[in-house]
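Report on one structure; see the data block that follows.
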Amino acid sequence: MIFSISASRGNDLLVDSFIPRAEARPAEHKHEPGWLLSNRAAIAASALAALGFGGLFAYWRRRGRFMAASTSAVMAGALVILAAIMFGEGRTNATQPSPPDVPALSDAPRRLQDGTVFAAKPTQRLLEVRTAAAEPQTIHPAVTLIGRVMADPNRSSIVQSIYGGRVVPGDDGIPRIGQTVRKGDLLIRIEPHLPIADRTTILEKVGEIEQLMAITDNKLRRLRPLAERGAVPQGQVNDLESELEGLRARRETVRNSRTGFEELRASTDGIITAAKVAPGQVIQPQDVLFQIADPSSLWVEALAYDEIGLKQPEAATAMAPNGQQIALSFVGTSRALRQHASVVQFAIPEPPAGLNIGQPLNVMVQAGAPVSGLVVPRNAVVRSGNGENIVWLHTEPERFEPRPVRVVPVDAARVIVAAGVNEGEHIVVRGTDLINQIR
(Lines give C-alpha, C1' and ligand atoms only; values in the text may rest on other atoms or scores of the structure.)
Protein backbone atom coordinates (compact mmCIF):
# COMPACT_ATOMS: atom_id res chain seq x y z
CA MET A 1 0.00 0.00 0.00
CA ILE A 2 1.33 3.47 -0.93
CA PHE A 3 0.15 6.62 0.87
CA SER A 4 0.89 10.02 -0.68
CA ILE A 5 1.07 12.92 1.82
CA SER A 6 0.98 16.55 0.62
CA ALA A 7 1.52 19.54 2.90
CA SER A 8 2.71 23.13 2.73
CA ARG A 9 6.19 22.08 3.98
CA GLY A 10 6.66 19.35 1.37
CA ASN A 11 5.49 15.99 0.05
CA ASP A 12 6.24 12.47 1.23
CA LEU A 13 5.45 8.83 0.42
CA LEU A 14 4.72 6.00 2.86
CA VAL A 15 5.09 2.46 1.51
CA ASP A 16 4.04 -0.62 3.49
CA SER A 17 2.42 -4.04 3.12
CA PHE A 18 -1.03 -4.91 4.50
CA ILE A 19 -1.45 -8.49 5.71
CA PRO A 20 -4.79 -9.40 7.36
CA ARG A 21 -4.35 -10.94 10.76
CA ALA A 22 -5.91 -14.40 11.22
CA GLU A 23 -8.69 -14.60 13.82
CA ALA A 24 -7.68 -16.32 17.02
CA ARG A 25 -9.55 -19.61 17.48
CA PRO A 26 -9.60 -21.72 20.61
CA ALA A 27 -7.45 -24.79 20.53
CA GLU A 28 -9.30 -27.93 19.48
CA HIS A 29 -9.32 -30.70 22.04
CA LYS A 30 -8.78 -34.12 20.58
CA HIS A 31 -9.85 -35.94 23.67
CA GLU A 32 -13.58 -35.25 24.15
CA PRO A 33 -15.08 -37.30 26.95
CA GLY A 34 -17.44 -39.33 24.64
CA TRP A 35 -14.80 -40.21 22.11
CA LEU A 36 -12.31 -41.11 24.82
CA LEU A 37 -14.90 -43.42 26.43
CA SER A 38 -15.61 -45.26 23.15
CA ASN A 39 -11.92 -45.59 22.51
CA ARG A 40 -11.33 -47.19 25.89
CA ALA A 41 -14.26 -49.61 25.34
CA ALA A 42 -12.79 -50.76 22.00
CA ILE A 43 -9.44 -51.35 23.65
CA ALA A 44 -11.05 -53.36 26.44
CA ALA A 45 -13.07 -55.46 23.92
CA SER A 46 -9.96 -56.18 21.89
CA ALA A 47 -8.11 -57.25 25.03
CA LEU A 48 -10.96 -59.62 26.07
CA ALA A 49 -11.15 -61.11 22.56
CA ALA A 50 -7.39 -61.67 22.63
CA LEU A 51 -7.75 -63.50 25.97
CA GLY A 52 -10.55 -65.62 24.51
CA PHE A 53 -8.50 -66.65 21.47
CA GLY A 54 -5.62 -67.39 23.84
CA GLY A 55 -7.85 -69.79 25.77
CA LEU A 56 -8.95 -71.49 22.54
CA PHE A 57 -5.32 -71.81 21.55
CA ALA A 58 -4.59 -73.72 24.78
CA TYR A 59 -7.70 -75.92 24.40
CA TRP A 60 -7.07 -76.96 20.79
CA ARG A 61 -3.43 -77.64 21.58
CA ARG A 62 -4.35 -80.08 24.32
CA ARG A 63 -6.75 -81.78 21.92
CA GLY A 64 -4.08 -82.11 19.29
CA ARG A 65 -5.80 -79.81 16.81
CA PHE A 66 -2.67 -77.84 15.76
CA MET A 67 -4.32 -76.06 12.81
CA ALA A 68 -7.09 -74.61 14.98
CA ALA A 69 -4.54 -73.75 17.68
CA SER A 70 -2.41 -71.79 15.17
CA THR A 71 -5.43 -69.89 13.93
CA SER A 72 -6.40 -68.94 17.50
CA ALA A 73 -2.84 -67.71 18.25
CA VAL A 74 -2.76 -65.52 15.13
CA MET A 75 -6.12 -63.97 15.95
CA ALA A 76 -5.05 -63.28 19.57
CA GLY A 77 -1.81 -61.56 18.43
CA ALA A 78 -3.68 -59.40 15.90
CA LEU A 79 -6.13 -58.23 18.55
CA VAL A 80 -3.25 -57.34 20.94
CA ILE A 81 -1.51 -55.27 18.24
CA LEU A 82 -4.79 -53.48 17.37
CA ALA A 83 -5.38 -52.59 21.04
CA ALA A 84 -1.83 -51.19 21.35
CA ILE A 85 -2.22 -49.01 18.21
CA MET A 86 -5.55 -47.60 19.41
CA PHE A 87 -4.06 -46.76 22.83
CA GLY A 88 -1.07 -44.91 21.27
CA GLU A 89 -3.24 -42.83 18.91
CA GLY A 90 -5.40 -41.77 21.82
CA ARG A 91 -2.39 -40.41 23.76
CA THR A 92 -0.95 -38.63 20.71
CA ASN A 93 -4.19 -36.85 19.84
CA ALA A 94 -4.69 -35.84 23.46
CA THR A 95 -1.25 -34.13 23.79
CA GLN A 96 -0.76 -32.69 20.23
CA PRO A 97 -0.34 -28.80 20.47
CA SER A 98 -2.10 -26.38 18.15
CA PRO A 99 0.01 -24.78 15.36
CA PRO A 100 1.50 -21.31 16.26
CA ASP A 101 0.13 -18.15 14.71
CA VAL A 102 2.14 -16.48 11.91
CA PRO A 103 3.76 -13.28 13.30
CA ALA A 104 2.82 -10.03 11.59
CA LEU A 105 5.41 -7.69 10.03
CA SER A 106 6.49 -4.59 12.09
CA ASP A 107 8.00 -1.18 11.35
CA ALA A 108 11.19 -1.93 13.32
CA PRO A 109 14.39 -1.07 11.39
CA ARG A 110 16.13 -4.18 10.06
CA ARG A 111 18.71 -5.39 7.59
CA LEU A 112 17.11 -7.31 4.72
CA GLN A 113 18.50 -10.42 3.05
CA ASP A 114 19.81 -8.50 0.02
CA GLY A 115 21.92 -6.22 2.27
CA THR A 116 19.61 -3.19 2.13
CA VAL A 117 18.17 -1.56 5.24
CA PHE A 118 14.50 -0.96 5.94
CA ALA A 119 13.79 2.08 8.11
CA ALA A 120 10.29 3.45 8.52
CA LYS A 121 9.66 7.19 8.37
CA PRO A 122 9.24 7.55 12.17
CA THR A 123 12.61 5.83 12.60
CA GLN A 124 14.23 8.15 10.06
CA ARG A 125 12.94 11.20 11.90
CA LEU A 126 14.13 9.76 15.21
CA LEU A 127 17.65 9.16 13.81
CA GLU A 128 17.62 12.58 12.08
CA VAL A 129 18.48 11.06 8.70
CA ARG A 130 19.14 13.62 5.97
CA THR A 131 19.92 13.04 2.30
CA ALA A 132 21.30 15.15 -0.54
CA ALA A 133 21.47 14.72 -4.29
CA ALA A 134 24.94 14.03 -5.70
CA GLU A 135 26.09 16.86 -7.95
CA PRO A 136 29.43 16.91 -9.81
CA GLN A 137 31.94 19.66 -8.97
CA THR A 138 35.47 20.59 -10.03
CA ILE A 139 37.81 21.09 -7.10
CA HIS A 140 41.44 20.62 -6.09
CA PRO A 141 42.15 17.33 -4.29
CA ALA A 142 43.91 17.35 -0.93
CA VAL A 143 47.03 15.74 0.45
CA THR A 144 47.01 14.59 4.06
CA LEU A 145 49.95 15.68 6.24
CA ILE A 146 50.74 14.85 9.85
CA GLY A 147 51.28 17.97 11.94
CA ARG A 148 51.31 19.28 15.48
CA VAL A 149 50.31 22.51 17.19
CA MET A 150 53.10 24.89 18.14
CA ALA A 151 53.28 28.37 19.66
CA ASP A 152 53.70 31.43 17.48
CA PRO A 153 57.43 32.29 17.70
CA ASN A 154 56.57 36.02 17.70
CA ARG A 155 54.13 35.66 20.62
CA SER A 156 56.01 33.19 22.82
CA SER A 157 59.20 33.30 24.88
CA ILE A 158 61.40 31.39 27.29
CA VAL A 159 62.93 32.62 30.55
CA GLN A 160 66.58 31.75 31.33
CA SER A 161 69.28 32.86 33.74
CA ILE A 162 72.58 34.21 32.41
CA TYR A 163 74.78 33.48 35.43
CA GLY A 164 72.92 30.80 37.35
CA GLY A 165 72.54 30.57 41.10
CA ARG A 166 69.89 29.96 43.73
CA VAL A 167 66.18 30.61 43.06
CA VAL A 168 64.60 33.20 45.35
CA PRO A 169 60.79 33.53 45.02
CA GLY A 170 59.14 36.93 44.82
CA ASP A 171 56.55 38.40 47.13
CA ASP A 172 53.73 36.43 45.40
CA GLY A 173 55.65 33.16 45.21
CA ILE A 174 56.75 31.33 42.10
CA PRO A 175 54.39 31.55 39.11
CA ARG A 176 52.78 28.23 38.18
CA ILE A 177 51.61 26.78 34.87
CA GLY A 178 48.42 28.30 33.48
CA GLN A 179 49.01 31.66 35.14
CA THR A 180 48.52 34.74 32.97
CA VAL A 181 51.48 37.16 32.90
CA ARG A 182 52.16 40.49 31.24
CA LYS A 183 55.32 41.66 29.57
CA GLY A 184 57.79 42.94 32.20
CA ASP A 185 56.23 41.11 35.17
CA LEU A 186 58.78 39.91 37.73
CA LEU A 187 58.79 36.13 37.88
CA ILE A 188 61.67 35.18 40.22
CA ARG A 189 65.03 36.42 41.49
CA ILE A 190 68.31 34.59 41.18
CA GLU A 191 70.98 34.89 43.85
CA PRO A 192 74.25 34.50 41.93
CA HIS A 193 76.71 31.89 43.03
CA LEU A 194 80.13 33.57 43.58
CA PRO A 195 83.23 31.42 44.14
CA ILE A 196 85.54 32.23 47.07
CA ALA A 197 88.35 33.37 44.76
CA ASP A 198 86.04 35.86 43.05
CA ARG A 199 84.78 37.13 46.37
CA THR A 200 88.39 37.70 47.51
CA THR A 201 89.20 39.58 44.32
CA ILE A 202 86.16 41.79 44.70
CA LEU A 203 86.91 42.55 48.33
CA GLU A 204 90.51 43.37 47.42
CA LYS A 205 89.41 45.70 44.66
CA VAL A 206 86.93 47.41 46.95
CA GLY A 207 89.69 47.92 49.51
CA GLU A 208 91.97 49.57 46.93
CA ILE A 209 89.20 51.92 45.86
CA GLU A 210 88.40 52.86 49.44
CA GLN A 211 92.09 53.59 50.05
CA LEU A 212 92.18 55.96 47.06
CA MET A 213 89.00 57.57 48.34
CA ALA A 214 90.62 58.25 51.70
CA ILE A 215 93.68 59.83 50.11
CA THR A 216 91.56 62.01 47.86
CA ASP A 217 89.36 63.02 50.75
CA ASN A 218 92.42 64.12 52.81
CA LYS A 219 93.74 66.22 49.91
CA LEU A 220 90.35 67.81 49.53
CA ARG A 221 90.19 68.78 53.20
CA ARG A 222 93.67 70.43 53.01
CA LEU A 223 93.06 72.37 49.81
CA ARG A 224 89.56 73.62 50.56
CA PRO A 225 90.66 76.19 53.27
CA LEU A 226 93.50 77.35 51.06
CA ALA A 227 91.15 77.84 48.16
CA GLU A 228 88.90 79.94 50.33
CA ARG A 229 91.83 82.31 51.13
CA GLY A 230 92.88 82.31 47.46
CA ALA A 231 96.19 80.53 48.05
CA VAL A 232 95.33 77.78 45.53
CA PRO A 233 93.09 77.80 42.52
CA GLN A 234 89.51 76.67 43.02
CA GLY A 235 89.87 74.34 40.04
CA GLN A 236 92.07 71.96 42.01
CA VAL A 237 89.36 71.60 44.62
CA ASN A 238 86.76 70.89 41.95
CA ASP A 239 88.97 68.23 40.37
CA LEU A 240 89.44 66.47 43.68
CA GLU A 241 85.70 66.51 44.35
CA SER A 242 85.02 64.97 40.91
CA GLU A 243 87.68 62.32 41.49
CA LEU A 244 86.14 61.46 44.85
CA GLU A 245 82.67 61.02 43.33
CA GLY A 246 84.13 58.75 40.63
CA LEU A 247 85.84 56.57 43.21
CA ARG A 248 82.60 56.20 45.14
CA ALA A 249 80.78 55.09 41.98
CA ARG A 250 83.55 52.59 41.17
CA ARG A 251 83.29 51.15 44.66
CA GLU A 252 79.54 50.60 44.34
CA THR A 253 79.98 49.03 40.92
CA VAL A 254 82.64 46.59 42.06
CA ARG A 255 80.81 45.80 45.27
CA ASN A 256 77.56 44.98 43.44
CA SER A 257 79.14 43.06 40.54
CA ARG A 258 77.70 39.49 40.64
CA THR A 259 76.67 39.98 44.22
CA GLY A 260 73.19 41.46 43.61
CA PHE A 261 70.05 39.52 42.68
CA GLU A 262 69.35 38.76 39.01
CA GLU A 263 65.71 39.57 38.19
CA LEU A 264 63.97 37.37 35.61
CA ARG A 265 60.98 39.04 33.92
CA ALA A 266 58.42 37.96 31.30
CA SER A 267 59.38 38.93 27.76
CA THR A 268 55.88 38.58 26.21
CA ASP A 269 52.23 38.48 27.21
CA GLY A 270 50.54 35.11 27.59
CA ILE A 271 50.21 32.19 29.94
CA ILE A 272 52.93 30.08 31.49
CA THR A 273 52.97 26.71 29.74
CA ALA A 274 55.96 25.24 31.60
CA ALA A 275 57.59 26.00 34.96
CA LYS A 276 60.64 24.05 36.10
CA VAL A 277 61.75 25.87 39.26
CA ALA A 278 61.28 25.53 43.00
CA PRO A 279 62.29 27.81 45.88
CA GLY A 280 65.95 27.31 46.79
CA GLN A 281 66.74 25.38 43.62
CA VAL A 282 70.27 25.85 42.27
CA ILE A 283 70.20 26.34 38.51
CA GLN A 284 72.86 26.49 35.85
CA PRO A 285 73.26 29.25 33.26
CA GLN A 286 70.94 28.98 30.23
CA ASP A 287 68.57 26.52 31.92
CA VAL A 288 64.99 26.97 30.62
CA LEU A 289 62.98 27.96 33.69
CA PHE A 290 59.69 29.19 32.19
CA GLN A 291 57.92 28.96 28.83
CA ILE A 292 55.31 31.57 27.95
CA ALA A 293 52.86 31.32 25.03
CA ASP A 294 49.82 33.20 23.81
CA PRO A 295 46.89 30.76 23.35
CA SER A 296 45.23 33.14 20.88
CA SER A 297 48.19 32.91 18.46
CA LEU A 298 49.07 29.33 17.46
CA TRP A 299 50.75 27.69 14.48
CA VAL A 300 50.74 24.21 12.96
CA GLU A 301 53.95 22.55 11.80
CA ALA A 302 53.65 19.61 9.37
CA LEU A 303 56.04 17.38 7.42
CA ALA A 304 55.53 17.11 3.64
CA TYR A 305 57.19 14.23 1.79
CA ASP A 306 55.94 15.38 -1.62
CA GLU A 307 56.61 18.51 -3.65
CA ILE A 308 53.61 20.17 -1.99
CA GLY A 309 55.96 21.70 0.54
CA LEU A 310 57.87 23.71 -2.08
CA LYS A 311 54.97 25.96 -3.15
CA GLN A 312 52.04 27.70 -1.61
CA PRO A 313 48.91 25.49 -1.53
CA GLU A 314 45.47 26.57 -2.67
CA ALA A 315 43.92 26.08 0.75
CA ALA A 316 44.62 24.20 3.95
CA THR A 317 42.48 22.91 6.80
CA ALA A 318 43.14 20.75 9.82
CA MET A 319 41.08 18.19 11.67
CA ALA A 320 41.31 17.90 15.43
CA PRO A 321 41.02 14.49 17.15
CA ASN A 322 37.40 15.28 18.04
CA GLY A 323 36.56 15.92 14.35
CA GLN A 324 36.49 19.71 14.56
CA GLN A 325 37.53 21.56 11.39
CA ILE A 326 40.21 24.27 11.73
CA ALA A 327 41.03 26.80 8.99
CA LEU A 328 44.75 27.36 8.30
CA SER A 329 46.78 30.00 6.46
CA PHE A 330 50.10 29.20 4.80
CA VAL A 331 53.20 30.74 6.47
CA GLY A 332 56.22 29.22 4.77
CA THR A 333 58.33 26.18 3.93
CA SER A 334 61.81 25.32 5.11
CA ARG A 335 64.46 24.34 2.57
CA ALA A 336 66.21 22.23 5.20
CA LEU A 337 64.85 18.69 5.32
CA ARG A 338 63.82 17.05 8.55
CA GLN A 339 63.48 13.27 8.48
CA HIS A 340 63.70 13.44 4.66
CA ALA A 341 60.68 15.76 4.53
CA SER A 342 60.06 19.48 4.08
CA VAL A 343 58.81 21.42 7.08
CA VAL A 344 55.63 23.39 6.30
CA GLN A 345 54.19 25.88 8.77
CA PHE A 346 50.63 27.22 8.91
CA ALA A 347 49.02 29.85 11.11
CA ILE A 348 45.67 29.40 12.83
CA PRO A 349 43.75 32.67 12.44
CA GLU A 350 41.09 31.70 14.98
CA PRO A 351 42.31 28.94 17.30
CA PRO A 352 39.39 27.01 18.83
CA ALA A 353 39.08 26.65 22.56
CA GLY A 354 40.77 23.59 23.98
CA LEU A 355 43.55 23.40 21.37
CA ASN A 356 46.82 22.64 23.16
CA ILE A 357 50.43 23.10 22.12
CA GLY A 358 51.94 19.83 20.92
CA GLN A 359 48.56 18.32 19.99
CA PRO A 360 48.70 16.20 16.78
CA LEU A 361 46.52 17.22 13.83
CA ASN A 362 45.71 15.89 10.37
CA VAL A 363 46.41 18.70 7.89
CA MET A 364 44.55 18.68 4.53
CA VAL A 365 46.41 20.70 1.89
CA GLN A 366 44.70 21.35 -1.46
CA ALA A 367 47.19 21.31 -4.32
CA GLY A 368 47.64 19.85 -7.76
CA ALA A 369 45.42 19.79 -10.84
CA PRO A 370 41.67 20.13 -10.24
CA VAL A 371 39.52 17.03 -10.64
CA SER A 372 35.79 16.49 -11.18
CA GLY A 373 33.68 14.40 -8.86
CA LEU A 374 30.81 14.29 -6.42
CA VAL A 375 31.64 16.29 -3.29
CA VAL A 376 29.97 14.92 -0.15
CA PRO A 377 30.52 15.46 3.58
CA ARG A 378 33.16 13.27 5.17
CA ASN A 379 30.56 11.86 7.58
CA ALA A 380 28.63 10.40 4.63
CA VAL A 381 31.37 7.79 4.05
CA VAL A 382 31.54 4.90 6.52
CA ARG A 383 33.27 1.54 6.76
CA SER A 384 31.46 -1.69 5.90
CA GLY A 385 31.97 -5.03 7.59
CA ASN A 386 34.84 -5.95 5.25
CA GLY A 387 36.58 -2.58 5.75
CA GLU A 388 35.79 -0.87 2.43
CA ASN A 389 34.39 2.64 2.08
CA ILE A 390 30.65 2.77 1.40
CA VAL A 391 27.85 5.31 1.19
CA TRP A 392 24.16 4.69 1.78
CA LEU A 393 21.78 5.57 -1.07
CA HIS A 394 18.15 6.46 -0.43
CA THR A 395 16.63 4.29 -3.17
CA GLU A 396 13.06 4.15 -1.83
CA PRO A 397 11.15 6.16 0.77
CA GLU A 398 11.90 3.56 3.46
CA ARG A 399 14.81 1.60 2.00
CA PHE A 400 18.54 2.35 1.92
CA GLU A 401 21.15 0.58 -0.20
CA PRO A 402 24.91 0.36 0.54
CA ARG A 403 27.22 1.30 -2.32
CA PRO A 404 31.04 0.80 -2.34
CA VAL A 405 32.87 3.98 -3.41
CA ARG A 406 36.37 5.33 -4.01
CA VAL A 407 37.00 8.67 -2.27
CA VAL A 408 39.66 11.38 -2.48
CA PRO A 409 40.04 13.89 0.40
CA VAL A 410 39.24 17.57 -0.20
CA ASP A 411 39.52 19.14 3.24
CA ALA A 412 38.78 18.33 6.85
CA ALA A 413 35.01 18.18 6.23
CA ARG A 414 34.54 16.98 2.62
CA VAL A 415 35.66 14.23 0.25
CA ILE A 416 35.31 13.57 -3.48
CA VAL A 417 33.46 10.41 -4.53
CA ALA A 418 35.52 9.49 -7.58
CA ALA A 419 33.66 6.27 -8.42
CA GLY A 420 30.66 4.25 -7.27
CA VAL A 421 27.84 6.83 -7.29
CA ASN A 422 26.02 8.35 -10.26
CA GLU A 423 24.89 11.92 -10.61
CA GLY A 424 21.48 12.66 -9.10
CA GLU A 425 21.40 9.74 -6.66
CA HIS A 426 20.40 10.64 -3.13
CA ILE A 427 23.14 10.01 -0.58
CA VAL A 428 22.64 9.94 3.19
CA VAL A 429 24.72 12.82 4.56
CA ARG A 430 23.51 12.75 8.16
CA GLY A 431 22.88 9.75 10.38
CA THR A 432 24.96 7.48 8.14
CA ASP A 433 26.73 5.77 11.01
CA LEU A 434 23.40 4.97 12.67
CA ILE A 435 21.99 3.38 9.52
CA ASN A 436 25.21 1.41 9.10
CA GLN A 437 24.68 -0.14 12.55
CA ILE A 438 21.20 -1.52 11.79
CA ARG A 439 21.22 -5.31 11.73
Donor-acceptor pairs under 3.5 angstrom involving side-chain atoms of residues 213-220: please list them, not counting sequence neighbours.
unit_1 : atom_1 : unit_2 : atom_2 : d
Thr216 : OG1    : Leu212 : O      : 2.9
Asp217 : OD2    : Arg221 : NH1    : 2.5
Asn218 : OD1    : Arg221 : NH2    : 2.3
Asn218 : ND2    : Ala214 : O      : 3.2

Going by atom type alone, with no hydrogens or angles, which donor-acceptor pairs under 3.5 Å involve a side-chain atom of residues 426-439 and a protein atom two or more places apart or on another chain?
unit_1 : atom_1 : unit_2 : atom_2 : d
Arg430 : NH2    : Glu128 : OE1    : 2.9
Thr432 : OG1    : Val428 : O      : 3.1
Asn436 : OD1    : Trp392 : NE1    : 3.4
Asn436 : ND2    : Arg383 : O      : 3.0
Arg439 : NH1    : Asn436 : O      : 2.7

Let me have the donor-acceptor pairs involving side chains of residues 400-410, under 3.5 Å, with sequence neighbours excluded, atom names and distances please.
unit_1 : atom_1 : unit_2 : atom_2 : d
Arg403 : NH1    : Gly420 : O      : 3.1

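A search for salt bridge (charged side-chain N to carboxylate O under 4.0 Å, His left out) contacts involving Arg176 returns nothing, not counting sequence neighbours. Listed by chain and number, the residues in a salt bridge (charged side-chain N to carboxylate O under 4.0 Å, His left out) with Arg182 are Asp269 (sequence neighbours excluded). Checked against salt bridge (charged side-chain N to carboxylate O under 4.0 Å, His left out), Glu241 has the following partners two or more places apart in sequence or in another chain: Arg224. Legend: residues meeting ring pair (Phe, Tyr, Trp, His ring centres under 6.0 Å) with Phe290, ordered by chain and number and at least two apart, are absent. In terms of the salt bridge (charged side-chain N to carboxylate O under 4.0 Å, His left out) criterion, Arg111 has no residue partners (sequence neighbours excluded). The side-chain hydrogen bond (donor to acceptor under 3.5 Å, both in side chains) check on Glu245 picks up Arg248, with sequence neighbours excluded.
A donor and an acceptor atom, one from each side chain of Ser161 and Gln286, are nowhere located under 3.5 Å apart. With 3.5 Å as the limit, one finds a donor-acceptor pair spanning the side chains of Thr268 and Ser157.
Between Ile416 and Val376, the closest side-chain pair of non-hydrogen atoms is not below 4.5 Å. The side-chain heavy atoms of Gln281 and Ile283, taken from C-beta on, include a pair separated by under 4.5 Å. Between Ile292 and Val159, some side-chain heavy-atom pair lies under the 4.5 Å cut-off. Using a 4.5 Å cut-off on side-chain heavy atoms (C-beta onward), Lys121 and Glu398 make contact. A 4.5 Å side-chain heavy-atom check between Gln124 and His394 finds at least one atom pair inside the cut-off. The shortest side-chain heavy-atom distance between Asn356 and Val149 does not fall under the 4.5 Å cut-off.
By the neighbour-count criterion of 12 heavy atoms within 6.0 Å, atom CD1 of Ile177 is sparsely surrounded, having that number or fewer from other residues, nucleotides or ligands. Within a 6.0 Å sphere centred on CG of Asp172, heavy atoms belonging to other residues, nucleotides or ligands number 12 at most.
Between the CD1 atom in Ile209 and the CZ atom in Arg250 there is a gap of 4.5 Å [rounded to 0.5 Å]. The structure places CG of Leu247 at 12.0 Å from CD of Glu252, a figure rounded to the nearest 0.5 Å. The distance from atom CE of Met364 to atom CD1 of Ile326, rounded to the nearest 0.5 Å, is 11.5 Å. Rounded to the nearest 0.5 angstrom, Leu145 CG and Leu361 CG are separated by 11.5 Å. For the atom pair Glu262 CD and Ile190 CD1, the distance stands at 6.5 Å (nearest 0.5 Å). The structure places CD1 of Ile271 at 7.0 Å from OG1 of Thr273, a figure rounded to the nearest 0.5 Å.
When all heavy atoms of Val288 and Lys276 are compared, the closest pair comes out as O-CD, 3.9 Å. Taking each heavy atom of Ile162 and Pro285 in turn, the nearest pair found is O-CB, 3.2 Å. Here the closest non-hydrogen pair linking Ile357 and Ala293 is CD1-CB, 3.7 Å. When all heavy atoms of Pro136 and Leu374 are compared, the closest pair comes out as N-CD2, 3.4 Å. Closest approach of Gln359 and Gly354 over heavy atoms only: OE1-O, 4.0 Å. Residues Ser329 and Pro349 share a closest heavy-atom pair of OG-CG, 4.2 Å.
Distance alone, capped at 3.5 Å, is enough to place a donor-acceptor pair between the Arg166 side chain and the Gly280 backbone. Checking side-chain atoms of Glu191 against main-chain N and O of Gly165 turns up no donor-acceptor pair under 3.5 Å. Formation of a donor-acceptor pair under 3.5 Å by the Asp287 side chain with backbone atoms of Gln284 is found in this model.
Applying the salt bridge (charged side-chain N to carboxylate O under 4.0 Å, His left out) test to pairs two or more places apart or on separate chains, those with a residue in residues 336-351 are Glu301-Arg338. Within the structure, the salt bridge (charged side-chain N to carboxylate O under 4.0 Å, His left out) test picks out the following pairs touching residues 149-163 (sequence neighbours left out): Arg155-Asp294. Sorted by first then second residue, the ring-ring contact (aromatic ring centres under 6.0 Å, His included) pairs that include residues 209-239, not counting sequence neighbours, number zero.
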